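Quick caveat, the model's predicted, so the values are computed rather than measured.
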Amino acid sequence: MLLTGSRREGQAYSRYFADTTPPDYDLLLEEGFINSEDELIKLDNIPGFVKIKWDNKTLLLKSRRQDQNGVWCVDGLKIKETYSSLKKLGMKSNCFDDFSRVTHEVTIDSASIQTAVSPKQEKMAQSMIFKQGLHLITNMRNGIQDINVLSKNYVALFKLYSIPIQIELFNKSFSKKYNLSPVDENCIIDFYSLCGPPFNIPLTVDEKLKADTLVSFYLKYKHLVDRTTDVDKFIKDRFFPHRFDADVLRAFKLNFWPYDIQKTFLKRFEATCPTLFEHIKTTYMHLVPKWSKNESTSADKQLEFRYSFSAVEITLSDKRTINEKILNSVARNIYYKYLHKPQSNDDCIKSYFVKTTVLWMCELMDLKAFKSDDNQVIAEVMTEKWIDFVCSLLKQRYCQHYFVDGINILASCSEKTLDEAYQILKSGVNMNELINSTLTSKLVETIKHQQDNHIEFRTANTDGTLDRIKGVEEFRVIKRGWDTDDENDESNDEPYIRVLLHKLYAVDDDQGNNWVKWKQLFIDTDYYQPIAEFNRAERESSLIDSAIDLSTVAISLKSIIEIVSSEELLEQIIKYHQEQLLLLSDNRNFQAKSDNNIYDDMSNPIIHLALSMPLTK
């Protein structure tokens, strides 16, 4: 998976100059690999577009269709449609389906699957999700459904999520980068074990003791929690905006450079930028499904693929000097402030024009020759250079595509549009406003402040103070008996207790009945026909981690029960994951060898939501 575009380059904030919607995430997912140019069919007089010959070996599982010459080719439109339908199924296994609505728009004219995430009009609180899950369990225990069938389906679901390659990919892409504890099979087993009692899978003695201890402590001291600030809502509103968009590309990676690119771009780039050439010569490129909009090929339009140079652009972006990075920043700021129009308007200057001009300037000009320790001075110089360069292109009505010969980036723009842009850049740009504008966010500091202060022990009366003291003493007894390496510094105990109580309080209802009901169903219920326990080694976990485990289980019960209660839905979910595993297997070597920082922003849970990927705590 590649995160591309402005977010990958750290320039997403530029869109706010246009007073537009939050910037998109541009994501490229590799569908497979093409190993030889013989597998491609070039389109006559349409540079940058090809068809992919289908075969029954490497492309056996890919959608296909005969072109007008009778050749079996990969059907790019069908691949996008299949992805969209499978992702809708994937959403059913994600608890965020209760909070947000995800749509995937597929068109023949767009290379990407346009994904939109928007909140449902009535968001369901976590406590309500927990309550509904408990209600479903009560119905199960009353014999409304065959518990043996549900148990069998539940074990099948567990096996689906515990496949080693999925765990391996998560650890390579997320755990290492974000300093998270690596996920192993035992983590998955622990989660499904804690969810197991409704399906006649009893908790281990250790799990039962720890869960009972934590919940009992919470029920005894929950009255001490004062949620003066709704931090959950505070964080959700910022990490889950009112609308979120992602452009998802399904791409085939080429393990070679096509001859037309070798003889033009590569030959030129090796001569002008020999050092950078060494970094990109084995990066290669991708093919993405998109119609060329040439009416002469309309009969085969869903079979056409366009060259994509996203991987090369990422490498070139990473290797830029400080002057070149500032150039890219001011160029994007100027575009979104003065030149941007709705992209639905065909007669407009597209944002790719900005990227193209920056690429050309970095190749043709020795920008690093300008020396200054003051970034503001550098920005002023880069702004003048970019405006001069762009105005010369606007006057010529021509901007050559950076990678593919014979394509004019400005071809779709009218002379009126180009003349207006020229006049704006020559006389209407307020350089001081752009250079001095700083779009910084205090989000991290604010969230930390809120988290540090949103829960306080009530000390307004003697009874509250006495309960607080008793709670701390009892917590220390529990901590001493817990088989982990929790810190022994007692000065941290009160903050520890605040976090622990909050984790369980966040999913409880106003009357505090959720955890009481959970205890009845998970701890106090006997199992008359238990199936075999999951095989696992006991895993140490801190008190806080155990509380997080319980709260994660609480909001997951509803979606899990809904899946295992429907044979049809479970079968569809399995099919969805089989498709994912094929992609993961194809991408395994690529991800392992990649030294690019391609996972920027991937910790944001909204991306998981857009892709319908299961979240891991």
Side-chain angles (χ1 to χ4, degrees), residues 1-2 4-5 24-34 39-56 58-91 102-116 245-254 258 285-310 343-344 346 350 352 404 407 412 572 575-576 578-580 582-583 586-587 610-612:
M1 181 189 297
L2 293 176
T4 66
D24 296 349
Y25 284 86
D26 298 303
L27 303 167
L28 185 148
L29 308 178
E30 289 182 341
E31 180 80 19
F33 300 86
I34 306 296
E39 299 175 54
L40 305 181
I41 301 174
K42 298 293 180 66
L43 303 187
D44 294 338
N45 301 316
I46 309 177
F49 285 84
V50 298
K51 291 182 287 188
I52 302 173
K53 296 177 186 176
W54 180 88
D55 64 51
N56 59 3
T58 58
L59 300 175
L60 176 63
L61 299 178
K62 307 305 177 186
S63 300
R64 60 173 176 159
R65 180 181 174 182
Q66 282 183 305
D67 68 5
Q68 53 189 331
N69 296 318
V71 179
W72 285 102
C73 296
V74 175
D75 189 333
L77 178 64
K78 189 66 176 178
I79 286 174
K80 291 190 290 186
E81 291 174 343
T82 301
Y83 172 88
S84 176
S85 61
L86 289 173
K87 288 308 171 185
K88 290 174 183 176
L89 290 175
M91 278 299 297
V102 178
T103 60
H104 298 95
E105 181 179 352
V106 176
T107 66
I108 195 73
D109 297 329
S110 175
S112 64
I113 299 150
Q114 296 165 353
T115 302
D245 295 311
D247 289 335
V248 182
L249 291 167
R250 301 310 298 260
F252 287 88
K253 181 176 182 288
L254 300 185
M285 45 188 277
H286 294 84
L287 300 177
V288 295
K290 186 181 188 301
W291 181 35
S292 62
K293 295 187 179 181
N294 190 306
E295 291 299 331
S296 65
T297 65
S298 60
D300 293 336
K301 57 186 178 183
Q302 65 191 74
L303 307 178
E304 293 185 0
F305 286 77
R306 188 200 72 198
Y307 286 168
S308 170
F309 300 88
S310 294
Q343 295 297 299
S344 58
D346 289 335
K350 303 292 193 293
Y352 193 72
V404 183
I407 297 179
S412 64
Q572 291 174 332
K575 179 181 178 182
Y576 156 71
Q578 287 173 340
E579 191 260 3
Q580 298 303 299
L582 286 173
L583 295 179
D586 286 342
N587 283 305
L611 297 176
S612 305

Measure the shortest side-chain to side-chain distance between [X] and [Y] over non-hydrogen atoms and say whether it is less than 4.5 angstrom.
X: S308; Y: L28; value: yes
X: I52; Y: L40; value: yes
X: F305; Y: V288; value: no

What heavy-atom pair brings [X] and [Y] nearest, and what distance separates the two atoms?
X: L303; Y: V74; answer: CD2-O, 3.6 Å
X: E304; Y: F49; answer: OE1-CD2, 4.4 Å
X: G76; Y: P289; answer: CA-CB, 3.6 Å
X: R65; Y: A299; answer: NH2-O, 4.2 Å
X: S412; Y: K350; answer: OG-NZ, 4.4 Å
X: M285; Y: F309; answer: SD-CE2, 3.6 Å

Could you list the residues that satisfy side-chain contact (heavy atoms from CB on, under 4.5 Å) with [X], not counting sequence neighbours?
X: S296; value: N294
X: I108; value: L77, W291, K301, Q302
X: K78; value: S63, D75, E81, T82
X: N45; value: none

Measure the spacing between [atom1] of [X] and [atom2] of [Y] and express it to the nearest 0.5 Å.
X: D55; Y: K62; atom1: CG; atom2: NZ; value: 11.5 Å
X: R306; Y: L287; atom1: CZ; atom2: CG; value: 10.0 Å
X: Q66; Y: Q68; atom1: CD; atom2: CD; value: 12.0 Å

Show your reasoning for whether side chain to side chain contact (heavy atoms under 4.5 Å, CB included) applies to F252 and I79.
CA-CA 11 Å; F252 287 88; I79 286 174; 3.9 Å; yes

Ion pair present between R250 and E31, side-chain N to carboxylate O less than 4.0 angstrom?
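Looking at E31 together with R250, the answer is yes, because their closest N to O distance falls below 4.0 Å.
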
Test side-chain hydrogen bond (donor to acceptor under 3.5 Å, both in side chains) applied to S298 - qualifying residues, sequence neighbours left out
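In terms of side-chain hydrogen bond (donor to acceptor under 3.5 Å, both in side chains), with neighbours along the sequence ignored, S298 is linked to no residue.
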
Please collect all salt bridge (charged side-chain N to carboxylate O under 4.0 Å, His left out) contacts where either partner lies in residues 43-53, sequence neighbours excluded, each pair once.
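Of all non-adjacent pairs touching residues 43-53, those that pass salt bridge (charged side-chain N to carboxylate O under 4.0 Å, His left out) are K51-D67, K51-D300.
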
